[in-house]
Amino acid sequence: MKNRRYMPGMTGMLFLILLLCFGMTAMAAPSVTGDTDLSVTKDGNVSAEYTVKSDEPMESVTLTLSYDKDAVTYISGGGGNSFSGNGGNGTVQLSSKPGDTTTDFAVRFRGKKDTETSIAVTACTIVVDGQEIDVLSGESAVSDGESGEEEEEDEEHEDDGKRASFVIDERTFYLHSPEDIEDFDRIHMDIQGIDSRVLKHKDLDVYVIRLYSDNGSYRDNFVYDPEKGTVIPFVQMESGTDTVIFIEPEENGYVPTRYTPVNMGWGPKYVIPAFKHVIVDGVDEIQDDTNRYLVYGINQDGEKAWYSFDYDKNSLQPFDDVAYQGEQNYIVELEQKEMGLREDLSDWQMRYDRDMAKRLYIIMFLTILIIVLLNVIVVLYLRMRRMRMPETEDEEEDVVPERSAPGSYVTGDLEEDETDFEDPSMFEEDEEDDIDLEIIDLDSMEEED
């Protein structure tokens, strides 16, 4: 009888134990496992793998890792369906839509030095049946009321097709409910005429929205500018003791001299507005070949300023505008002196060219004038010679040389082989030749008488 009396009590206890075991089995918490300690070498690549498990199919998974940025540099990540990932400055965020109870991620780092380093899982959230769960704590990320409200809101937007959208790199991104970020509160605001849920910084006038690409492969946070209606990737980095958030530069705001606007690549397909230092070579602007950019940011105190971002080292430093401007003023002064010397040299060169041109013109004019005068002289000389030649020929034909009387003297200059006297016999012979002698017969004359 005693044993029968305790049977119902023992049965109840066994039933309670089985119920508790069944409940623990059915409600087993999701888990994340992976590499935490890595051995790296300088300029060598090393990989780390992580697995997220859940008893029920996961709609989405977001894994956040932290690493020592002085030991390794984030290169890339992969894994899961509709994977997206980005990293830098000691943090890596990976996400996917597995649609399964298990998903794997792989991350690649490059060592900066030979050392032992550790990778820590700082956050991991999954969405199961529309409910967001913190894997590390095993609890729901939001209360049931908030989750139900967000789910109804998302379903309402999906049914009506009313979501704010943005075009990034020729792909349409749609606004979704954002994940919680430290120092940000969830609020509602009008975006493109649609009541949307966004995050607002507790102390700053900075808004963050979460966008999904049209195929769901990219899911990232963006800083939203309500005045311009534009977005840029959400980047929050440490600079000394300040926490800086990248924002768009102010229109018509101050920009240091000799910086030109560029788009700095960020992540797989995003860009951040930045500025690049240029060197002025005459009229050409040559960009600096380093991976240093000038970005605009706001710190935790609401102070907006320019920051120097080293893309290779993934480091951010305040931009010393005073020292930079002093250096630029010195450079400008030197350039002005050089420009003045160049202008003086150019003036001297122009003056020299002008004087040489005048001299050349004078020489050419004189040369042409001399040639013309010579031609005129030659022509006149030829004409005068032609006019004198006929008279000379007539004189030579009309003039008959007179013979000197016998015994007369000839005066004048003597040429070679000539003498002052002529042979008288020559004249006698000539006279004899010229005179015809007639013989008269005296006897016949007498008879005629």
Side-chain angles (χ1 to χ4, degrees), residues 21 23-40 45-69 71-111 116-144 146-147 150-151 176-184 199 210 212 216-221 234 236 267-268:
C21 293
M24 290 177 63
T25 303
M27 299 298 293
S31 63
V32 53
T33 58
D35 300 323
T36 56
D37 298 326
L38 299 176
S39 297
V40 297
N45 295 336
V46 63
S47 299
E49 297 181 355
Y50 301 89
T51 301
V52 181
K53 295 182 179 180
S54 176
D55 291 337
E56 298 182 8
M58 297 174 287
E59 298 174 10
S60 66
V61 177
T62 301
L63 177 65
T64 304
L65 307 173
S66 64
Y67 62 89
D68 185 2
K69 60 182 180 181
V72 294
T73 300
Y74 170 75
I75 299 179
S76 63
N81 296 327
S82 301
F83 171 80
S84 65
N86 56 71
N89 197 37
T91 302
V92 178
Q93 188 177 63
L94 311 172
S95 63
S96 70
K97 298 174 63 176
D100 199 354
T101 58
T102 303
T103 185
D104 297 320
F105 294 104
V107 187
R108 294 181 61 199
F109 298 95
R110 177 174 297 166
E116 299 288 334
T117 187
S118 60
I119 308 297
V121 178
T122 56
C124 183
T125 58
I126 63 174
V127 176
V128 177
D129 293 334
Q131 183 178 1
E132 187 174 316
I133 301 173
D134 188 344
V135 176
L136 299 183
S137 64
E139 300 177 354
S140 175
V142 295
S143 63
D144 295 339
E146 290 180 352
S147 176
E150 291 179 9
E151 185 177 355
H176 284 256
S177 296
E179 299 177 349
D180 290 336
I181 301 177
E182 186 179 358
D183 296 330
F184 283 83
L199 297 178
R210 187 165 181 82
Y212 290 9
S217 59
Y218 296 96
R219 303 180 177 190
D220 297 286
N221 293 328
F234 173 68
Q236 185 172 261

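For clarity, every value in this text was computed on a predicted model and none was experimentally measured.
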Drop me the distance from Ser177's OG to Tyr212's OH, to the nearest 0.5 angstrom. 8.0 Å
So do the side chains of Val135 and Thr125 get within less than 4.5 Å of each other, counting heavy atoms only? no
Among residues at least two apart in sequence or on other chains, which ones pass salt bridge (charged side-chain N to carboxylate O under 4.0 Å, His left out) with Arg219? none
Taking side chain as C-beta onward, heavy atoms only, is Ile119 less than 4.5 Å from Thr36? no
What one should report as the nearest heavy-atom pair of Asp134 and Cys124 is OD1-O, 3.3 Å
Distance from Thr33 atom OG1 to Lys53 atom NZ, nearest 0.5 Å? 6.0 Å
If every non-hydrogen atom of Met58 is compared with every non-hydrogen atom of Val52, which pair is closest and at what distance? CE-O, 3.7 Å
Which word best sums up how the rings of Phe234 and Phe184 line up, parallel for under 30°, tilted for 30 to 60°, or perpendicular for over 60°? perpendicular
Apply the side chain to side chain contact (heavy atoms under 4.5 Å, CB included) test between Ser54 and each candidate in Val61, Thr102, Asp100, Ile126; give the one that qualifies. Ile126
Do Arg210 and Glu179 meet the salt-bridge criterion of a basic N to acidic O distance under 4.0 Å? yes
Val32 and Leu63, any side-chain heavy atoms less than 4.5 Å apart: yes
Could you check whether any side-chain heavy atom of Pro30 comes within less than 4.5 Å of a side-chain heavy atom of Ile133, counting everything from C-beta outward? yes
Taking the side chain as every heavy atom from C-beta outward, state whether Thr64 and Val121 have any pair of such atoms under 4.5 Å apart. no
Just so I know, are the side chains of Ser118 and Asp68 near enough to count as touching, which here means a heavy-atom distance under 4.5 Å? no
Under the side-chain hydrogen bond (donor to acceptor under 3.5 Å, both in side chains) test, residues paired with Ser39 that sit two or more places apart: Glu116
Shortest non-hydrogen contact between Glu56 and Thr101, atoms and distance: C-CG2, 3.7 Å
May I ask you to test the Thr51-Thr103 pair for a side-chain heavy-atom distance under 4.5 Å? no
Validation row, ring centre Phe109 to ring centre Tyr67 under 6.0 Å: yes
If you take all heavy atoms of Ser47 and Leu38, which pair is closest and at what distance? O-CD2, 3.9 Å
Side-chain contact, heavy-atom cut-off 4.5 Å: Leu94 with Tyr50? no
Which pair of non-hydrogen atoms, one from Asn45 and one from Arg110, has the smallest distance, and what is that distance? OD1-NE, 3.5 Å
Backbone N or O of Asp37 within a donor-acceptor pair of the Asp35 side chain at under 3.5 Å? no
